[in-house]
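Structure record follows, encoded as structure tokens.
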Protein chains: 4
Amino acid sequence: MNTNTKDLILESTLKLVNREGLYHLNMKKLAKEAGLAIGTAYIYFDSKETIINELYQKIVRESEVAVFKNFQSERPLKETAIAMMRNLVTFFVSNPDYFNFIEQYGFSPILLKESKEKWLGIIDPLTKLIEKGKNKSLLKNLPTVLLLNLAHSPIIGMLKAFINNQVDLTDEWLQDQLFEACWKSIASENIDPKKG
Amino acid sequence: MNTNTKDLILESTLKLVNREGLYHLNMKKLAKEAGLAIGTAYIYFDSKETIINELYQKIVRESEVAVFKNFQSERPLKETAIAMMRNLVTFFVSNPDYFNFIEQYGFSPILLKESKEKWLGIIDPLTKLIEKGKNKSLLKNLPTVLLLNLAHSPIIGMLKAFINNQVDLTDEWLQDQLFEACWKSIASENIDPKKG
Amino acid sequence: MNTNTKDLILESTLKLVNREGLYHLNMKKLAKEAGLAIGTAYIYFDSKETIINELYQKIVRESEVAVFKNFQSERPLKETAIAMMRNLVTFFVSNPDYFNFIEQYGFSPILLKESKEKWLGIIDPLTKLIEKGKNKSLLKNLPTVLLLNLAHSPIIGMLKAFINNQVDLTDEWLQDQLFEACWKSIASENIDPKKG
Amino acid sequence: MNTNTKDLILESTLKLVNREGLYHLNMKKLAKEAGLAIGTAYIYFDSKETIINELYQKIVRESEVAVFKNFQSERPLKETAIAMMRNLVTFFVSNPDYFNFIEQYGFSPILLKESKEKWLGIIDPLTKLIEKGKNKSLLKNLPTVLLLNLAHSPIIGMLKAFINNQVDLTDEWLQDQLFEACWKSIASENIDPKKG
DNA sequence: TATGAATGAGGATTCATTCAT
DNA sequence: CATGAATGAATCCTCATTCAT
């Protein structure tokens, strides 16, 4: 399955972080999980920190690709927004360990100052989309941070509930309700509901 | 300020976790911050873990008291809900270190299995409130988890943005917009907007 | 004998370096030699390197004091020079482990760039003394480095032979011959031999 | 330049030890410097230690050849002695990396007990020469070790100063002064200075 | 109660050496 | 012969906890 040792190490890290938590990750466990000697990890990575950071970057990269899949800016804003939401949920529902890792990484001691805000690569284009929507009066005239949170936080909250086995987010009807609710909470109210 | 040593230790813990992060908390720093010897902490607490857990419980207790302050179940649901939201925001905007601590605690190695979900004491009554509202058709007929997240997650998201200095959540107008939006996203649509 | 743990650690380091060599010094051995736990050394020193450096500085400080004991610049140069030589030899013959440590330290990886030349604190005033002697034509008109080496290197060489048990440098007659020879090799030849 | 891999490895070792120090020599660096794989070194040598020891022996062998070049025991002692000194200096001034290696080797963890005294191959014949000179009253009636050091140590000291860029020992006048001084410090004083 | 020196298990990292290709 | 990925013992250092004073 693994084409090379470097990927094997990253995959073992992901498994271990999901099973025992980032805090409990240590090189001995990692080596055992990967079926390697401790020293082997240091052939491919400079340090434990590097492993975690590379894994994070890999996950963020893949997440971004997934979220912006089939992105077409000329489509109606609602369609675009909901497509992105769906992409996000679909991706993390299929890869719950990615979601969990990102969450844990956000509170790991590695960052602290650099990227206090996770999801950066996703949040940034979203912010631009929202500002464009506000200019066209398609969205409520509220501060961008607020709109961003109204559209985004419930989805993150539902994903957390999903990885904690509190809800079945594979349910497409539930997803649709979620997306629709998120969209409605940011969409301008005088828009013709028939057109959306 | 402190009448007893136990509180002094808990307060010093809170300060340090906010300044340097839960990960970097150690007993030497804690003793120094409190102006005590390391051994003294062990007179009042069994372990470092106990300190953190007791602090967490203290914070949750205070948060709950604050959120349910002036709680009157006989008032209209919207009033009650928004009052709780306001209480929550007011409390954590005044005590950002409490919010930050709870966030960090959620990913600390202490839990992992026990209390995966933070905010427990607050979430539980909220869930009951929501279910009551659904029964009375005051709220949308959606799964409770979804309603909970729609009402709750944007507020948490905004509080995170606040402690990261990305938004001024002391602004009352902004708070009102936030609460109104959260309420609207869960409120039944056929309710007379004049009555709320 | 040891008034405090810090000195105990430094003394144990010295013993171990002399017995097994600086290269083979490790924290486990050091702790065992001192009768302490490994962690204890880190209460008093930041790192293994710090221990070695502090010991070096302590030794150099003591050596300098010993070499310049009873130093009186108004005495004839020969007397001064030979007194210093005697102080040096007396000190290191009584403290052969100090000599050995300094020798090893000079090739340890800790330096490399900083103080390639050991004995700095001793060499510097010596250089000045030599230059003064040259100005007064008491010494041969040769480059200072050469005079320095002629006066100094045989003594170092004899000390090395002594710590390798190749010669008994406690023998005062031998010391006198050494000092006289070193002095003669740098002293101006037209000086009245009766006056020295 | 290299006809065989074994020499290539020894030469690369020498370069690295001079550039970074014996302490920092490791097989990975050595392989890279030689343009070989790590494993290749183990085809030609049993261990890292073997490489260092073989290099040392090679250097000592070459040094001896150089020092005893044109050695003719029937010539006057002074001529012989100064010729050897000159050979020594000429050789190490042309091959400062050899000198540096020998110095570092003397404090490496490889020896410790075996060959505490470096320069063995050179020192031994020198000792015999000195004893012969003493018997013929050409040299001072002093212990051999002392004579050896008087004649030898300043030269070593000057070579050290040379590799530390503190003196230009390629200067032939300086060399002559050095040799003359070393000779004078061991030569019997009643020898007719005109004959040497 | 209060102290803080001492403990030592545990964790990250290095590197000489091996061996399958 | 040549390769270089893999190994794992050895090393430095940290830190929660204890205990004699």
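The chains referred to below are lettered A, B, ... by the order of the sequence lines, with proteins before strands, and numbering in each begins at 1.
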Exercise. To the nearest angstrom, how far is A/F45 atom CZ from E/dA12 atom P?
Worked result: 15 Å

For this session: Provide, to the nearest angstrom, the distance between the CG atom belonging to A/L30 and the P atom belonging to E/dA12.
Result: 9 Å

For this session: Mark up nucleotides 13-21 of chain E, 5' to 3', with B wherever a protein heavy atom is under 4.0 angstrom from a base atom, S wherever such an atom reaches only the sugar-phosphate, and - elsewhere.
Result: BB-SBB---

For this session: Report the distance from atom NZ of A/K29 to atom P of E/dA12, rounded to the nearest whole Å.
Result: 10 Å

For this session: Taking the side chain as every heavy atom from C-beta outward, state whether C/S63 and C/F99 have any atom pair closer than 4.5 Å.
Result: no

Exercise. Rounding to a whole Å, what distance do you find between D/L8:CG and F/dC1:P?
Worked result: 14 Å

For this session: Let me know which of B/L10, B/L8, B/I9 forms a side-chain contact (heavy atoms from CB on, under 4.5 Å) with B/S12.
Result: B/L8

Exercise. Can you check whether B/T5 has a side-chain N or O nearer than 4.0 Å to OP1 or OP2 of E/dT1?
Worked result: no

Exercise. Could you state the OH-P distance from A/Y23 to F/dT14, rounded to the nearest angstrom?
Worked result: 15 Å

Exercise. Does C/Q104 reach the main-chain N or O of C/V17 with its side chain, forming a donor-acceptor pair under 3.5 Å?
Worked result: yes

Problem set entry | Over 12 foreign heavy atoms within 6.0 Å of NZ, A/K28 | no

Exercise. At under 4.0 Å between heavy atoms, what does A/Y44 touch on the DNA or RNA strands: base, sugar-phosphate, or nothing?
Worked result: sugar-phosphate

Exercise. Are B/I43 and B/T5 close enough, and set up right, to give a side-chain contact (heavy atoms from CB on, under 4.5 Å), and what steps lead you there?
Worked result: CA-CA 10 Å; B/I43 297 172; B/T5 310; over 6 Å; no

Exercise. Do you know which of C/D97, C/T13, C/N100 makes side-chain hydrogen bond (donor to acceptor under 3.5 Å, both in side chains) with C/N18?
Worked result: C/N100

Exercise. How many Å lie between NZ on D/K6 and C1' on F/dC1, as a whole number?
Worked result: 15 Å

For this session: Give the ring-plane orientation class for A/Y56 versus A/F101, where under 30° counts as parallel, over 60° as perpendicular and anything between as tilted.
Result: tilted

Exercise. Atom CD1 of C/I9 to atom P of F/dC12: distance rounded to whole Å?
Worked result: 14 Å

Exercise. Taking a pair as Watson-Crick (N1 to N3 plus N6-O4 or O6-N4) or G-U wobble (N1-O2 and O6-N3), both under 3.5 Å, which stems of 3 or more consecutive pairs involve DNA chain F?
Worked result: E:2-21 with F:2-21

